[in-house]
Amino acid sequence: SSDLDSGNDRIERFNLEGREPMEWGSKGTEPGQFSYPRGVAANAGVGIVADDDNHRIEKFDPEGAFQSAVGSEGTGPGQFGFPYGVALDAAGDVYVADDINHRIVKLNPGLGFAGAWGGFGSKPGQLGFPRALASDPAGDTYVADTANDRIQAFGPGGNYLRTLGVSAREPGGLTAPRGLASDPTGRVLV
């Protein structure tokens with residue numbers, strides 16, 4: 001289990017009982033350093049971190065050793081505008097909630113650019129400050145469309161599938177969703 005310690009610019013890792021703590025990272029711009037990390041995703045072989053204020057995605061092995069990074073500030077392929085959330089699918093592809101660019105960026109397991117979708121707006125498939133995402137076992141990606149008070153689902157290639165939730169404070173309603181997870185059966189938790 002990995003956890004972000006954004007204010008201390010580090011990652012902390014624990015076992016499922018909360019023991020065997022381990023940490024890595026420090027404030028900075030060098031490989032393996034962070035400036036306000038926002039999102040983390042991990043599987044058995046890799047940890048991915050959204051290094052928000054450095055406008056990049058960093059990749060680590062399970063022991064915290066830096067492997068690679070991609071990104072700079074901008075809107076082009078391999079560029080980000082304060083990346084907020086990250087998710088991994090079963091194939092090891094990385095999905096990034098590219099916050100102020102109002103899009104989702106897909107990277108291959110080697111962090112190569114594999115596509116982007118979204119764009120600012122409130123129509124189906126458009127996004128307003130996406131902050132979190134999760135991939136389900138089928139390869140679909142659920143996005144916390146934060147400014148639009150909803151969750152949107154996209155297929156592996158970025159095709160819009162459906163919208164979940166409405167702007168409200170009642171069951172089924174959402175107000176600025178910022179965290180998502182999916183369980184092994186494909187259910188989405190917001």
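Just so we're clear, the structure is a prediction, and the values are computed from it rather than from any experiment.
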In the single-linkage hydrophobic clustering (I, L, V, M, F, W, Y; side-chain heavy atoms under 4.5 Å), do Val40 and Met22 co-cluster? yes
Under 6.0 Å between ring centres: does that hold for Phe60 and Phe34? yes
So do Ser35 and Asn54 actually touch side chain to side chain, heavy atoms under 4.5 Å? yes
Applying the ring pair (Phe, Tyr, Trp, His ring centres under 6.0 Å) criterion to His55, which one of Tyr36, Phe82, Phe80 satisfies it? Phe82
Output the distance between atom CD1 (Ile57) and atom CG (Asp51), rounded to the nearest 0.5 Å. 8.0 Å
CD-NE2 distance between Gln126 and His102, expressed to the nearest 0.5 angstrom: 11.0 Å
From Thr163 atom OG1 to Asp149 atom CG, the distance as rounded to the nearest 0.5 Å: 12.5 Å
Grouping I, L, V, M, F, W and Y whenever their side-chain heavy atoms are under 4.5 Å apart, do Val70 and Val46 come out in a common cluster? yes
Determine, using the 4.5 Å side-chain heavy-atom cutoff (strictly less than), whether Ile48 and Val96 are members of one ILVMFWY cluster. yes
Quick one: does Asp61's side chain have a donor or acceptor within less than 3.5 Å of a partner on Gln67's backbone? no
Can you hop from Leu111 to Val105 via hydrophobic side chains spaced under 4.5 Å? yes
Can a salt bridge be assigned to the pair Glu63 and Arg13 using a cut-off of 4.0 Å between side-chain N and carboxylate O? yes
Report the distance from atom CD1 of Ile104 to atom CD of Gln152, rounding to the nearest 0.5 Å. 9.0 Å
Which distance, rounded to the nearest 0.5 Å, do you find between the OG1 of Thr75 and the CG of Asp98? 9.0 Å
Find the distance between CZ (Arg38) and CG (Asp52) and round it off to the nearest 0.5 Å. 5.0 Å
Treating Ile, Leu, Val, Met, Phe, Trp and Tyr as nodes and any side-chain heavy-atom pair under 4.5 angstrom as an edge, say whether Leu88 and Phe113 lie in one connected cluster. yes
Do Asp89 and Tyr95 pair up side chain to side chain, a donor and an acceptor below 3.5 Å, judged on atom types alone? yes
Would you call the rings of Trp117 and Phe154 parallel, tilted or perpendicular if under 30° counts as parallel and over 60° as perpendicular? tilted
